[in-house]
Amino acid sequence: MSWEADLDTLVTERGSALVAYAYLLAGNLASAEDLVQDAIVRTYSRRRPEDITWVEAYVRRVILHTYLDGYRARRRFAAVTPLLATADVADGAQEAAGDRTDVARALTALSPRERACVVLRFYDDLTLPEIGLRLGVSAGAVKRYLSDARRKLEPLLGPQPGLATEDVATITKGGSR
């Protein structure tokens with residue numbers, strides 16, 4: 001099968017899952033779709049992968065790093081923006097219409113690293129060391145990001161029934177899962 005057919009298969013069969021993953025990071029559909037498109041272009045411009053399972057995992061990794069790099073670039077740009085510049089208007093019709101779920105709204109309260117850790121932990125079900133490897137930080141830093149995220153999310157979402165007391169103790173006291 002040609003790489004074009006593989007790309008078509010990836011987009012038709014796994015495209016919606018990739019957009020959903022990117023949405024958890026970006027917080028809006030347009031940005032999520034852009035992240036997926038950029039990740040696919042970067043993946044297929046560098047190599048012609050053969051295994052669809054491997055390609056999806058690689059594209060997810062590129063989505064994560066593209067999201068984090070974009071945040072850093074926006075933060076640097078904001079630091080040099082003239083003080084007279086006005087803030088942009090809200091992100092669009094989705095926010096104005098109030099169609100976002102409580103979780104999507106709550107995730108916007110997190111920093112990019114905290115958000116990435118939450119998505120990798122609870123969506124990808126990775127262990128703390130695996131998250132640390134993906135983000136290039138220590139497992140201890142991941143624990144801290146998850147702890148900070150939990151502290152920010154609880155007032156917005158309430159106590160989470162899926163996270164048992166012993167899991168919280170493990171995260172805060174140094175366990176790895």
Side-chain angles (χ1 to χ4, degrees), residues 3-81 88 91-92 94-95 100-101 103-153 171 176-177:
W3 71 268
E4 291 95 346
D6 286 343
L7 174 61
D8 187 49
T9 302
L10 175 70
V11 172
T12 56
E13 292 180 7
R14 301 301 301 156
S16 60
L18 291 170
V19 171
Y21 178 75
Y23 180 82
L24 290 172
L25 292 168
N28 71 47
L29 187 57
S31 295
E33 290 170 342
D34 289 344
L35 277 171
V36 171
Q37 182 176 351
D38 288 347
I40 289 172
V41 167
R42 287 181 182 185
T43 300
Y44 278 87
S45 67
R46 291 190 178 123
R47 60 185 71 183
R48 306 290 183 246
E50 307 256 336
D51 181 15
I52 294 296
T53 306
W54 175 86
V55 173
E56 182 181 355
Y58 187 82
V59 169
R60 284 178 184 258
R61 186 176 203 132
V62 173
I63 288 169
L64 174 65
H65 288 283
T66 302
Y67 166 73
L68 291 172
D69 292 345
Y71 171 77
R72 290 182 199 115
R74 285 188 304 278
R75 192 173 66 191
R76 279 192 303 269
F77 180 75
V80 297
T81 302
D88 292 334
D91 278 344
Q94 284 182 336
E95 287 184 7
R100 289 179 169 226
T101 63
V103 172
R105 263 193 304 265
L107 286 174
T108 63
L110 302 178
S111 74
R113 287 283 179 162
E114 291 167 345
R115 189 173 183 148
C117 286
V118 167
V119 169
L120 291 172
R121 176 69 182 102
F122 295 103
Y123 184 76
D124 279 353
D125 197 29
L126 298 180
T127 64
L128 299 180
E130 290 169 334
I131 295 169
L133 285 174
R134 288 250 179 118
L135 297 177
V137 297
S138 68
V142 172
K143 287 184 225 177
R144 182 60 187 192
Y145 286 129
L146 288 172
S147 175
D148 291 347
R150 186 173 191 282
R151 191 170 47 258
K152 289 178 183 177
L153 291 174
I171 288 172
S176 65
R177 178 102 179 157

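Note that the coordinates shown come from a computational prediction; the quantities given were computed from them, not determined experimentally.
R60 and E56 are joined by a salt bridge, as a carboxylate oxygen and a charged side-chain nitrogen come within less than 4.0 angstrom of each other. Look at D148 and R144 and you find a salt bridge, because one of the NZ, NE, NH1 or NH2 atoms lies within 4.0 Å of a carboxylate O, short of that distance.
At least one donor-acceptor pair under 3.5 Å links the side chain of R115 to the backbone N or O of L24. Between the side chain of T66 and the backbone N or O of V62, at least one donor-acceptor pair lies under 3.5 Å.
Residues R113 and V137 have side chains in contact (heavy-atom distance under 4.5 Å, counting atoms from C-beta outward). By the 4.5 Å heavy-atom criterion applied to side chains, Y21 and V36 are not counted as neighbours. By the 4.5 Å heavy-atom criterion applied to side chains, L29 and E33 are counted as neighbours. With contacts defined as side-chain heavy-atom distances shorter than 4.5 Å, the pair L120/L135 qualifies.
The distance from atom CD1 of I131 to atom OG of S138, rounded to the nearest 0.5 Å, is 12.0 Å. Residue R42 holds its CZ atom at 11.0 Å from NE2 of H65, rounded to the nearest 0.5 Å. Atom CD1 of I63 is separated from atom OG1 of T43 by 8.0 Å, given to the nearest 0.5 angstrom. Atom CD of residue E114 and atom CG of residue L146 lie 9.0 Å apart, to the nearest 0.5 angstrom.
Taking every heavy atom of both residues into account, D124 and R134 meet most closely at OD2-NH1, 3.6 Å. Closest non-hydrogen pair, A22 versus A32, comes out as CB-O, 3.5 Å. Nearest heavy atom pair, residue A20 against residue Y123, reads CB-OH, 4.3 Å. For the residue pair L153 and L107, the shortest heavy atom distance occurs at CD2-N, 4.2 Å. The shortest non-hydrogen separation linking C117 to V142 is SG-CG1, 4.2 Å. Across A116 and L64, no two heavy atoms sit closer than the pair CB-CD1, 3.7 Å.
Taking the ring pair (Phe, Tyr, Trp, His ring centres under 6.0 Å) definition, one finds that Y145 meets it with nothing, sequence neighbours left out.
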Start with the C-alpha distance between Y67 and V119, add both sets of side-chain angles, then the distance that settles side chain to side chain contact (heavy atoms under 4.5 Å, CB included), and finish with yes or no. CA-CA 12 Å; Y67 166 73; V119 169; over 6 Å; no

